[in-house]
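Data first, discussion second: the structure below is written as structure tokens.
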2 protein chains.
Amino acid sequence: MIASQETQRRPRGSLSRQSIGAAALRVIERDGLDSLTMRRVASELSCGVMSLYSHLTDADDLRGVVVGQLIDRMDLRPCEGESWQDATRRMLSTYADLAASFPRSFELLALAGADQRPVAPNMERLVDLLVAAGLTEEDALIALSVIDAYASGFLVIAVRNRPTAASVERAAPHQHDRLARLHHLDSYDVGAEVVIAGLEQRFEGRRSGRKQ
Amino acid sequence: MIASQETQRRPRGSLSRQSIGAAALRVIERDGLDSLTMRRVASELSCGVMSLYSHLTDADDLRGVVVGQLIDRMDLRPCEGESWQDATRRMLSTYADLAASFPRSFELLALAGADQRPVAPNMERLVDLLVAAGLTEEDALIALSVIDAYASGFLVIAVRNRPTAASVERAAPHQHDRLARLHHLDSYDVGAEVVIAGLEQRFEGRRSGRKQ
DNA sequence: ACCTGAACACCGTTCAAGT
DNA sequence: ACCTGAACACCGTTCAAGT
């Protein structure tokens with residue numbers, strides 16, 4: 001027992017913000033957002049807890065790394081000759097797809113402070129996308145503000161109330177709760193069209209010289 | 001030291017969901033949402049941690065009690081002869097006032113699952129308010145879905161990015177970040193009018209026989 | 001520069017016990 | 001029925017130390 005200590009030491013370069021982020025994402029989607037802890041991620045990577053601190057400043061930074069992972073997984077390439085309405089629809093459905101793919105991590109992105117490192121550049125890209133589709137920068141900022149608030153609010157609430165295996169089990173078969181329909185994904189598209197119609201009216205109203 | 005043990009025992013009736021909720025709200029607004037713990041609330045009430053479990057099932061229930069406190073503090077009485085547009089404006093500004101008054105607790109309400117006990121009855125009240133203002137129940141549910149998602153998303157993000165004393169200190173005086181304006185309270189009203197305009201168009205469009 | 005374990009001050013919750 | 005302390009299995013992070 002004294003000889004050749006078997007404690008495997010992790011090779012030097014095998015840890016990075018990237019690999020930690022991927023592991024963190026796996027932990028959340030498997031075990032839930034509350035399970036995103038330094039210790040669980042270290043265990044997922046089979047490394048000591050303190051090894052993470054060579055790449056992260058603190059637990060908040062760990063959440064930031066996950067936000068980066070999510071942004072990386074959201075592809076929204078510019079598309080030539082697209083109306084701003086269609087660009088908006090594409091943004092909204094890309095966002096919803098991301099929420100569906102990573103339901104338990106999604107709120108980290110949706111509610112992330114603008115100060116989180118990877119968020120601001122992504123927002124800039126979205127503004128540019130709307131400007132490329134013909135909006136003024138002023139209008140693009142207004143549109144993005146409403147779109148982001150609507151989509152973030154809707155999707156975070158939808159994802160939090162997402163039926164679990166347990167809740168489906170215990171639900172009465174004919175539970176006709178009128179509120180249950182409120183945040184289901186059908187109404188996401190309805191709300192999207194409401195927001196787009198409202199923006200159309202605002203932008204056209206301004207162009208034809210009306211006040212406000 | 002042996003005589004008359006001084007350990008003050010709390011009188012029997014002095015703890016309740018109500019008083020625990022009020023203490024929890026104080027803790028959050030003073031120390032932040034991360035400080036909402038069983039132990040801190042017990043300390044705020046000068047009682048043993050385990051005393052809380054006579055009134056709460058678990059930590060999740062503690063957050064539920066805070067949600068109840070917030071709903072109690074949101075007064076939104078029905079108002080005779082009000083258009084649904086004005087009722088919507090009143091709902092949106094009441095919600096914003098609540099976020100301003102309880103910035104660190106607000107997200108517990110805004111993102112609460114519909115399963116949290118006090119949330120559903122409150123939603124029912126809001127539906128009734130819109131129906132009283134002339135909408136069909138179908139339209140009221142659509143309106144509330146969009147309004148709630150927009151307001152919750154906007155206000156939670158705004159409140160999370162709310163400038164702290166520290167961040168104001170370190171901000172450059174002429175930092176003209178175009179994204180900074182995105183989630184400030186001026187744009188809240190802009191977005192509110194966009195949503196209302198979109199709903200108007202949808203409801204009027206349907207009334208005049210157009211499809212969708 | 002990167003990885004590690006021990007130690008400390010927290011946390012929720014179970015259990016057994018007081019009144 | 002309501003209140004309590006000790007104990008247990010967690011948590012983030014500091015520190016001192018290995019390579």
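Keep in mind it's a predicted model, so treat the numbers as computed, not measured. Just so we're on the same page: letters track the sequence lines, and every chain starts at 1.
To the nearest angstrom, C1' of dA1(C) lies 16 Å from CZ of Arg10(A). Atom-to-atom, CE of Met38(A) to C1' of dT4(C) comes out at 15 Å; the value is rounded to the nearest Å. In this structure, CZ of Arg17(A) is placed 16 Å from C1' of dA1(C), rounded to the nearest angstrom. In this structure, Arg40(A) places its CZ atom 16 Å from P of dA9(D), rounding to the nearest Å. Atom CG of Asp34(A) is separated from atom C1' of dC10(D) by 13 Å (rounded to the nearest Å).
With rounding to the nearest 0.5 angstrom, the CZ atom of Arg104(A) is 12.0 Å from the CG atom of Leu36(A). A distance of 6.5 Å separates CG in Leu52(A) from CG in Leu15(A), rounded to the nearest 0.5 Å.
Closest to the Arg39(B) side chain, of the nucleotides dT13(C), dT13(D), dC3(C), is dT13(C).
Contact of the Leu109(B) side chain with the Tyr95(B) side chain is registered, since non-hydrogen atoms from C-beta on lie closer than 4.5 Å. Considering only heavy atoms from C-beta on, Gln116(A) stays 4.5 Å or farther from Leu108(A) through its side chain.
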Reading DNA chain C 5' to 3', what string of ( ), [ ], | and . shows its pairs, if Watson-Crick and G-U wobble pairs count only when both distances fall under 3.5 Å? ||.|||||...|||||.||
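A distance-only check finds a donor-acceptor pair linking the side chain of Arg117(B) to the backbone of Asp115(B) [under 3.5 Å]. No donor-acceptor pair closer than 3.5 Å links the side chain of Glu82(B) to the backbone N or O of Ala133(B). No donor-acceptor pair closer than 3.5 Å links the side chain of Tyr188(A) to the backbone N or O of Ala151(A). The backbone N or O of Leu141(A) lies less than 3.5 Å from no partner atom in the side chain of Ser145(A), so there is not a single donor-acceptor pair.
Less than 4.0 Å separates DNA chain D from at least one heavy atom of each of the following residues of residues 51-65 of chain B: Ser51(B), Ser54(B), His55(B).
Between Asp128(A) and Arg125(A) there is no salt bridge, since no side-chain nitrogen of the basic residue lies less than 4.0 Å from a carboxylate oxygen of the acidic one. Comment: Asp61(A) engages Arg17(A) in a salt bridge, judged by a side-chain N to carboxylate O separation of less than 4.0 angstrom.
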Output a table of nitrogen or oxygen pairs between the protein and nucleotides 15-18 of chain C separated by less than 3.5 Å.
unit_1  : atom_1 : unit_2  : atom_2 : d
dG18(C) : N2     : Arg9(B) : NH2    : 3.2

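Using a 3.5 Å distance cut-off with no hydrogens or angles, the side chains of Arg73(A) and Gln69(A) do pair a donor with an acceptor.
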